[in-house]
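These numbers come from a predicted model, not from an experiment. Just so we're on the same page: letters track the sequence lines, and every chain starts at 1.
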There are 2 protein chains.
Amino acid sequence: MSHATGVVGEEGVKIPSLRDVARAAGVSVSTASRVLSGSSHPVSEPTRRRVLEAAERLGFEPNRLARALATARSRTIGVVVHDVSDPYYAEIVRGLEDAAGSRDHALFVSSSDRDVDKELAVLRAFVANQVDAIVLVASAIDDPRYLAEASAILDRFRALGGVVMTMSEHGYAAPRLGYENRAGTRLVVTHLLDLGHRRIGYIAGPPDLLVTRVRQRGYEEAMTELGLGVDPELVVTGDFTIEGGARAAERLLRAEPTAIVAANDMMAIGAIRHLLDVGKRVPGDVSVAGFDDIEFAAYAAVPLTTVHVPLGELGQLGGRLVLDLLDGNPPEEWPRIDARLVVRESTSAPPT
Amino acid sequence: MSHATGVVGEEGVKIPSLRDVARAAGVSVSTASRVLSGSSHPVSEPTRRRVLEAAERLGFEPNRLARALATARSRTIGVVVHDVSDPYYAEIVRGLEDAAGSRDHALFVSSSDRDVDKELAVLRAFVANQVDAIVLVASAIDDPRYLAEASAILDRFRALGGVVMTMSEHGYAAPRLGYENRAGTRLVVTHLLDLGHRRIGYIAGPPDLLVTRVRQRGYEEAMTELGLGVDPELVVTGDFTIEGGARAAERLLRAEPTAIVAANDMMAIGAIRHLLDVGKRVPGDVSVAGFDDIEFAAYAAVPLTTVHVPLGELGQLGGRLVLDLLDGNPPEEWPRIDARLVVRESTSAPPT
DNA sequence: CTGTTAGCGCCTTCAG
DNA sequence: CTGAAGGCGCTAACAG
């Protein structure tokens, strides 16, 4: 087979290259490049017209790979999440996409299932694909090897001019666009405390995630400050999924809580389902609250009280920040996103 | 500034290139390439070792862009959806990602908001980024200009060796991995008919989508076959969102249906919410059914009866098919996915 | 089995 | 203002 000519079948179809445009316009490739790449190098008006016209006529579209190879800028961003099908990530990714798309960048998206090796592989793949920036939406995996290897990859990447941004709890030191996980959790717990609850159960996230620790600390702090202390029986581990939340609620029930706080909405939704299934009323018998305020929170079996995080906007803002960083325009002051409580129908005073 | 050398600061950091490896191993670049790219060209065992060892030591990782430029294969796939934050798409994308990742391909994901220009822009961007395949998960926009321009872009793309696959109703002729939208809808409608409903309302999808027409036809056919015919008052237009479903339900209520079928789960969930909000019981007063069986369908205010589509598997299967196509291994027989009814708690006999 | 050469498509000095 | 030349990192004939 011939060299990579893009020729297929008998047609000899080929995407027009800069050379074709140059030839058609009767100028050199350099000149064509200058007008088509928006270079600041001066080009006479007539020539520019001819080139533009030829490009238009041929339907020329610059090859991004070639351009990237030559300029060391691919206009591409890699996004790491734990699972795109999780609404939390999906909503953030959507925001990132909007920002990136509006400024002519494309997004690579990869789910790591919070598996150390997968996540490292994803990072390496992003680097190999020469992305301009890497956005770690996924919270760091709480594993020394992960942090060590990820740091090595990311440090190298940055030394080369790459931009790294984190959007959740992460041990890696990089610009971070985050909201307050701990404060947010304290918000819900305090809300429940104010309603009069004393036996407040907590469904934690997966133990191998940094964000799990931070959110849990919010719960512990709030409980301790009120002099209630942390009853180990009232804390169970979940996995951020609906199913996991349901199972966790089942275990938690043995400790007879009057309220349950889940580390995310998915688990809260699962918990509500389980409670309802075993004949408990929510919030009549037990209140339930979540964290994130994914779109479905408001449409769960019982509309969920939760900590609102503007996921979509967070993504958009994150995207804009990354692009600004890439353009060498760091924002004067780094934005702060505050989490706020949204009280819906899943929480009320404890049964008397 | 110097040429694109990847040099930053004083360090002169640079990602090791094949040349560096070759030099370190004392061989020519071609030899290094041969062992590192898994070429079939013979290389002596000792040399191979030396190259491998040098690559390992330097932490060499081939530059995908360069490789892609040289081979005309980027190991990259472009995925077009209407909105990644919509669970329907998110779940499919997740499946595609799994398949792609497991075979060393990366995914570009873009949401078009079913906007003609955005969608065309996305397609062009994919081509410019030299993706190997384009997967149209999004149903076609029902607009002649869209179809014409999209076809032009895709035809060119394919003439160059690109693979195109559709995963929903699409006017563009390409391999399609789909399920039966019409049959699926007939399934739910028939289910309701069997329960004794006669005034069955329908919340259609956005009018500018092909899939909307197809699903709606399923409703119309089922209604007509039973001699009920289609009462225009019983059909309203939605937009595939929860909010839209709620609003549509409100309008639909004027026609006093005993059951409502929504063209997707999101709208069904919104409809249920609205019904409950205005004091109707579901399914006591009115039954509601959806389509897709997104994860949340089972956790809605009233667990939703719907048409199950194995979204995640669909994505995985689709990913595998595309990769096979790319490898020149078209499957002997094209898989068929059947939609099936899942009866949960949102449907029952009409009130007497 | 190994090296040399050319080229993928584009950008960017450097002359003119 | 324009063009020629070299290079980004890698692969693929083509000799030897």
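Here the P atom of nucleotide D/dG9 and the CZ atom of A/Arg73 are 17 Å apart, to the nearest Å. When rounded to the nearest whole Å, the span between CG of A/Asn63 and P of C/dG7 equals 18 Å. The CG atom of A/Leu18 sits 8 Å away from the C1' atom of C/dG9 (whole-angstrom rounding). D/dG9 atom C1' lies 11 Å from atom CD1 of B/Ile15, rounded to whole Å. Between the P atom of C/dC1 and the CZ atom of B/Arg50 lies a distance of 15 Å, rounded to the nearest Å. When rounded to the nearest whole Å, the span between CG of B/Leu160 and P of C/dG9 equals 10 Å. Regarding A/Asp20, its CG atom lies at a distance of 13 Å from the C1' atom of C/dC8, rounded to whole Å. One can place CZ of A/Arg19 at 13 Å from P of D/dA4, the figure rounded to the nearest angstrom.
At a threshold of 4.0 angstrom between heavy atoms, the contacts of A/Ser30 include nucleobase atoms, whether or not backbone atoms are also involved. Within 4.0 Å (heavy atoms only), A/Val29 reaches no atom of the nucleic acid at all. Base contact: A/Ser33 has a heavy atom under 4.0 Å from a base atom.
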Candidate pair B/Asp117 and B/Arg145, rule salt bridge (Lys or Arg N to Asp or Glu O under 4.0 Å), full reasoning: CA-CA 10 Å; B/Asp117 292 307; B/Arg145 183 168 72 87; 3.1 Å; yes

Full working for salt bridge (Lys or Arg N to Asp or Glu O under 4.0 Å) between B/Arg94 and B/Asp98: CA-CA 6 Å; B/Arg94 182 51 155 89; B/Asp98 288 342; 2.4 Å; yes

Verdict with reasoning, A/Arg103 to A/Asp324, per salt bridge (Lys or Arg N to Asp or Glu O under 4.0 Å): CA-CA 10 Å; A/Arg103 279 161 73 175; A/Asp324 287 343; 3.1 Å; yes

Salt bridge (Lys or Arg N to Asp or Glu O under 4.0 Å) between B/Arg73 and B/Asp327, worked out: CA-CA 11 Å; B/Arg73 280 289 255 113; B/Asp327 290 344; 3.7 Å; yes

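In this structure, the nucleotide among D/dT2, D/dG3, C/dG3 sitting nearest to the side chain of A/Val27 is D/dG3. Of the candidates C/dG9, D/dC10, C/dT2, the closest approach to any side-chain atom of B/Phe60 belongs to D/dC10. Each of C/dC1, C/dG9, D/dC10 was ranked by its minimum atom distance to the side chain of B/Arg67; first place goes to D/dC10. Closest to the B/Thr31 side chain, of the nucleotides C/dC10, D/dG9, C/dG3, is C/dG3.
Contact annotation: side chain of A/Ser44 to base of D/dT2, donor-acceptor pair absent below 3.5 Å. You'll find a donor-acceptor pair under 3.5 Å spanning the side chain of B/His41 and the base of C/dT2, going by distance alone. With hydrogens and angles ignored, a donor-acceptor pair under 3.5 angstrom links the side chain of B/Arg34 to the base of C/dG3. For B/Ser39 against D/dA12, a side-chain-to-base donor-acceptor contact under 3.5 Å is absent.
Along DNA chain D, the nucleotide nearest A/Thr47 and the nucleotide nearest B/Ala66 are compared for position; the residue whose nucleotide lies closer to the 5' end is A/Thr47. Both A/Leu36 and B/Ser28 lie close to DNA chain C; mapped to their nearest nucleotides by heavy-atom distance, the more 5′-ward contact belongs to B/Ser28.
Residue B/Val80 comes nearest to B/Leu136 through the heavy atom pair CG2-CD2, 3.8 Å, listed as atom of the first residue, atom of the second, then distance. Among all heavy-atom pairs drawn from B/Tyr89 and B/Ser139, the shortest one is OH-N, 4.2 Å.
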